[in-house]
Amino acid sequence: MTLDPETARRLRDGMARGVLSFPLTSFHDDGTLDPDGFRAHVAAQIATCPGALFPACGTGEFFSLDEDEYRQVVTIAVEEAGGRLPVVAGIGYGWAQAVRFARIAEEAGADALLVVPHYLVAAPQDGLVAQLEQIAARTRLPLIAYQRGQVAFRVGAFRRVAEIPGVIGLKDGHSDLDRLQRLTLAAPEGFLFFNGASTAEIQARAYATVGVPAYSSAVHAFAPEIANAFFTALRDGDDGMVGKLLRDFYVPLVELRDRVPGYAVSLVKAAARLRGRPVGPVRAPLTDPSALDLADLERLLASGLDLVGADL
């Protein structure tokens with residue numbers, strides 16, 4: 001299947017221009033989807049000029065959406081983006097189900113797809129390659145592979161992945177910089193890479209040393225002022241500001257995040273709610289933060305915003 005290289009070019013340009021936004025999926029207090037809240041959240045995200053929009057991915061609780069909800073989420077993201085920036089929708093599970101989501105994303109007007117790690121089982125390298133081959137053969141949209149958890153490509157398998165028509169990039173969540181350097185050196189010219197570690201800013205400088213400066217930002221979902229200030233400082237070589245934000249905001253945020261499994265999403269949503277964003281609670285099996293953790297989060301958020309001259 002021949003793909004238009006324009007999407008890869010737009011993503012590359014976006015990655016150089018700003019952080020990658022992974023919007024939260026809005027739910028009502030009873031757990032039902034809140035389309036109006038999601039639309040408002042996405043519009044606010046786009047207004048802060050991210051490099052690209054990745055709806056219905058990990059931060060957007062893809063794993064808890066049914067197909068109809070997924071269709072609404074991706075459609076709203078595409079409508080709000082209005083062609084101003086690329087929209088990359090998450091897909092996943094086994095390849096057959098991933099293709100169902102891919103077809104919905106195609107119909108909704110997404111520009112590309114992020115293939116999140118498959119469900120539950122470990123798999124050999126041949127199987128990881130075959131998963132992407134099966135999906136790529138059944139969609140016209142370009143794919144970005146995501147290695148994290150049980151998905152970790154060795155160089156030989158990665159070369160095969162990069163040769164699959166339609167696969168244009170790799171999101172890395174392992175932070176194994178030795179392996180990642182080997183992958184970047186084995187990649188064809190123009191292949192896209194970006195840092196997808198949890199709280200990616202913590203490792204952004206290290207990733208840049210192996211040729212992967214682009215990164216996703218969960219912080220952007222609730223404090224784009226902080227995320228954009230960090231991105232600008234890192235781009236401009238302002239080591240003092242980078243160090244200050246890491247020391248006084250990002251490291252404490254990670255320490256808070258690591259208190260409870262699932263806080264990588266739950267804390268982000270809670271922080272967005274603290275700022276009046278209409279994102280609602282998380283869905284089970286995630287849980288919202290405790291009152292104690294929420295109070296610590298509010299203090300940290302206020303401090304972080306103060307560092308960049310913004311208000312809660």
Salt-bridge contact [X]-[Y] (side-chain N to carboxylate O under 4.0 Å):
X: D13; Y: R17; answer: no
X: D296; Y: R299; answer: yes
X: D126; Y: R160; answer: yes
X: D288; Y: R273; answer: yes
X: R275; Y: E225; answer: yes

Could you check, using the six-membered ring where one of them is a Trp, whether [X] and [Y] have ring centers closer than 6.0 angstrom?
X: F101; Y: Y70; result: yes
X: F230; Y: Y250; result: yes
X: F158; Y: F191; result: yes
X: F54; Y: F194; result: yes

Crowded around [X] [atom1]? As in, over 12 foreign heavy atoms under 6.0 Å?
X: D236; atom1: CG; result: yes
X: R179; atom1: CZ; result: yes
X: R154; atom1: CZ; result: no

Distance (rounded to the nearest 0.5 Å) between [X] [atom1] and [Y] [atom2]:
X: E201; Y: N195; atom1: CD; atom2: CG; result: 8.5 Å
X: E69; Y: D34; atom1: CD; atom2: CG; result: 11.5 Å
X: K171; Y: F193; atom1: NZ; atom2: CZ; result: 15.0 Å

*Considering the options H118, R100, R138, which one meets the side-chain contact (heavy atoms from CB on, under 4.5 Å) requirement together with W95?*
R138
*asked:* Taking side-chain contact (heavy atoms from CB on, under 4.5 Å) as the criterion, tell me which of L253, L245, V268 meets it with V219.
replied: L253
